[in-house]
Amino acid sequence: MALRPSGRLHGLPRYGKGRASQAGAYIHRLGSNEAPDGSSRLPPAVEDVLNHVNRYPDLRGETLAAALATRYALQSDQVAVGAGSIVLLEQLIRAFCDQGDEIVAPWRSYEAYPILAGISGARLVHVPLDSNYRMDPERIVASIGPRGRMVILCNPNNPTGTVLSEDVIDGLLDAMPRDVLVVLDEAYVEYSLSPTALLTSPGRRLARHPNLAVLRTFSKAWGLAGLRAGYCMASADIVEALNAVAPPFPLSSVTLAATTALLDCSERLLARIKQNETERNRLTAGLRQAQIPVSDSRANFVWLPVGQSATLLAGHFAQASIAVRCFDGEGIRITTGAAADTDAVLSSVAAWR
Ligand SMILES: *Cc1c(COP(=O)(O)O)cnc(C)c1O
């Protein structure tokens, strides 16, 4: 008998489909929602750590978790860290879902959700977005069946960039059954909330909702995708369950030192958020002027629901050395980059059709 992987992998979509192959070969890399610039000067703490790489790092990333707890005015047992928020989501699913359980998520949303659900033998229940590409709160609540264990809300939503207001999210949380874990995936939240709301919203919500887990990441607005770090804010019980399925030493000592030190330098973050807004507005206006549909985005990317033209349009961009994310038959997602990236996209669409 030949060697076979588990049946759970059968028919499972693969991550990265639609990603431009050899993205590095493109001049304008607008396919993965990365920040156009990184935090160029890494703090001296990183250099120190590089002199001690023979030692294991924190067992659970405690130093970073404690710094994050302070930043968000939470208890230190309310924060877990992992090598990307996607890893933490996988841990949450493993910790809370059994074979055959259901995970409710608006759709279209992040392409990793069905993969992560499938790996655990859980089933993703799709709730279609409304005609403005927004999540529909009533339909989400109505879609939680007897096997429903988890709801994943991506806000701002990837790939549409759309948001539900803070009030609507609060109402939705109030309406959720208490025995269902609600995961708020806030990978892009820095682009959509005021600096004050960014710091206070997790604590305010966690005080009311013991069944809530908020996921954030250093990969997007913080410009640190290559370091791999994300965090989960939740009740101590949820964090405990999440840590129970975590591998030991989830973050490298270099990542721990860099992220912990960079938490204190938010000017770069604020500048990046501001630049993103300028470029996203330019991109949206220019694309609409070229008669291309664009949803209202509050993230660092825009969504072009062009349907059957998606593959052709992505090919057209590729000829101008612009890598975008293509969802065949549905649309295209373009990351907001630097001014030169916006210029390239807009001059490319001028020659479309
Ligand atoms: C990019 C992204 C993530 C974050 O991934 P990391 O593993 O933290 O790099 C999580 N959720 C969504 C919706 C994303 O687009």
Side-chain angles (χ1 to χ4, degrees), residues 13 15-19 23 29-36 38-39 61 64-65 68 79-94 103 105-117 119 124 126 129 133-135 150-164 169 182-193 213-233 242 246-247 250-252 255-256 258-259 262 269 272 276 280 295 297-303 324-325 327 331-337:
Y15 191 69
K17 189 174 170 296
R19 192 184 167 145
R29 295 170 64 173
L30 309 180
S32 295
N33 297 344
E34 297 148 339
S39 293
L64 177 59
L68 287 163
V79 182
V81 300
S85 56
I86 194 77
V87 174
L88 292 163
L89 178 58
E90 205 248 325
Q91 286 171 219
L92 284 171
I93 295 175
R94 263 193 295 139
I103 301 174
W107 198 257
R108 167 155 294 273
S109 193
Y110 189 30
E111 65 262 36
Y113 299 156
I115 304 175
L116 298 181
I119 292 171
L124 200 72
H126 291 178
L129 300 175
Y133 307 99
R134 287 211 181 89
M135 299 188 256
M150 184 183 286
V151 173
I152 307 176
L153 304 172
C154 186
N155 197 57
N157 186 44
N158 178 5
T160 58
T162 45
V163 289
L164 291 185
I169 295 277
V182 184
V183 179
L184 202 48
D185 184 343
E186 297 192 327
Y188 302 97
V189 75
E190 290 86 358
Y191 295 114
S192 74
L193 280 189
V214 180
L215 293 177
R216 292 189 181 179
T217 181
F218 287 94
S219 297
K220 306 290 160 58
W222 286 93
L224 299 169
L227 287 180
R228 310 304 302 128
Y231 52 105
C232 176
M233 298 176 278
L242 197 155
L251 295 190
S252 76
T255 296
L256 283 171
T259 48
L262 286 169
L269 176 71
R272 206 178 274 123
N276 176 65
R280 187 187 60 216
S295 58
S297 172
R298 297 287 301 278
N300 69 333
F301 52 85
V302 292
W303 171 243
V324 300
R325 185 65 63 100
F327 299 82
I332 284 178
R333 192 192 67 202
I334 307 179
T335 304
T336 322

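Whatever order the structure lists ligands and atoms in, that order sets their numbers, starting from 1. Source: prediction; values computed, not measured. For the single chain, residues carry numbers from 1 onward in sequence order.
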> As a check for students: among F301, Y188, Y110, Y113, identify the option with a heavy atom nearest to atom 15 (O) of ligand 1.
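Considering heavy atoms of F301, Y188, Y110, Y113, the nearest to atom 15 (O) of ligand 1 sits in Y188.
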> Which ligand 1 atoms are under 4.0 Å away from a heavy-atom of G84?
6 (P), 7 (O), 8 (O)
> Looking at S297, is its backbone amide N or carbonyl O close enough to the side chain of R280 to form a donor-acceptor pair, meaning the two atoms are under 3.5 Å apart?
yes
> What pair of heavy atoms forms the shortest contact from T336 to P36, and how long is it?
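Result for this residue pair: O-CD, 4.4 Å.
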> Nearest 0.5 Å, what's the CG-CG distance between L116 and L124?
9.5 Å
> Is it the case that the side chain of R272 and the backbone of A221 share a donor-acceptor pair, with hydrogens and angles ignored and the cut-off at 3.5 Å?
yes
> Run the contact test for D185 against ligand 1 with a 4.0 Å cut-off on heavy atoms, strictly below, and give the result.
yes
> Any side-chain heavy atom of R216 within less than 4.5 Å of one from S85?
no
> Would you compute the distance between atom SG of C154 and atom CG of D185 and round it to the nearest 0.5 angstrom?
4.5 Å
> In terms of atom number and element, which parts of ligand 1 are under 4.0 angstrom from non-hydrogen atoms of R228?
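Under 4.0 Å from R228, ligand 1 has these atoms: 6 (P), 7 (O), 9 (O).
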> In ligand 1, which numbered atoms sit nearer than 4.0 Å to a non-hydrogen atom of I86?
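So the answer, numbered in order with elements, is 7 (O).
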> Taking the basic N atoms (NZ, or NE/NH1/NH2) and the acidic carboxylate oxygens, is any pair closer than 4.0 Å for E186 and K220?
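Looking at K220 together with E186, the answer is no, because their closest N to O distance does not fall below 4.0 Å.
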> Please identify which atoms of ligand 1 are closer than 4.0 Å to at least one heavy atom of S219.
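Every atom of ligand 1 under 4.0 Å from some heavy atom of S219: 6 (P), 8 (O), 9 (O).
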> Which residue holds the protein heavy atom closest to atom 1 (C) of ligand 1, what is that atom called, and what is the gap in Å?
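Its nearest protein heavy-atom neighbour is K220 NZ, 1.3 Å.
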> On a heavy-atom basis, I'd like to know which of A299, A187, S85 is closest to atom 4 (C) of ligand 1.
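Selected option, by shortest heavy-atom distance: S85.
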> What are the atoms of ligand 1, with element, lying closer than 4.0 Å to any heavy atom of C154?
13 (C)
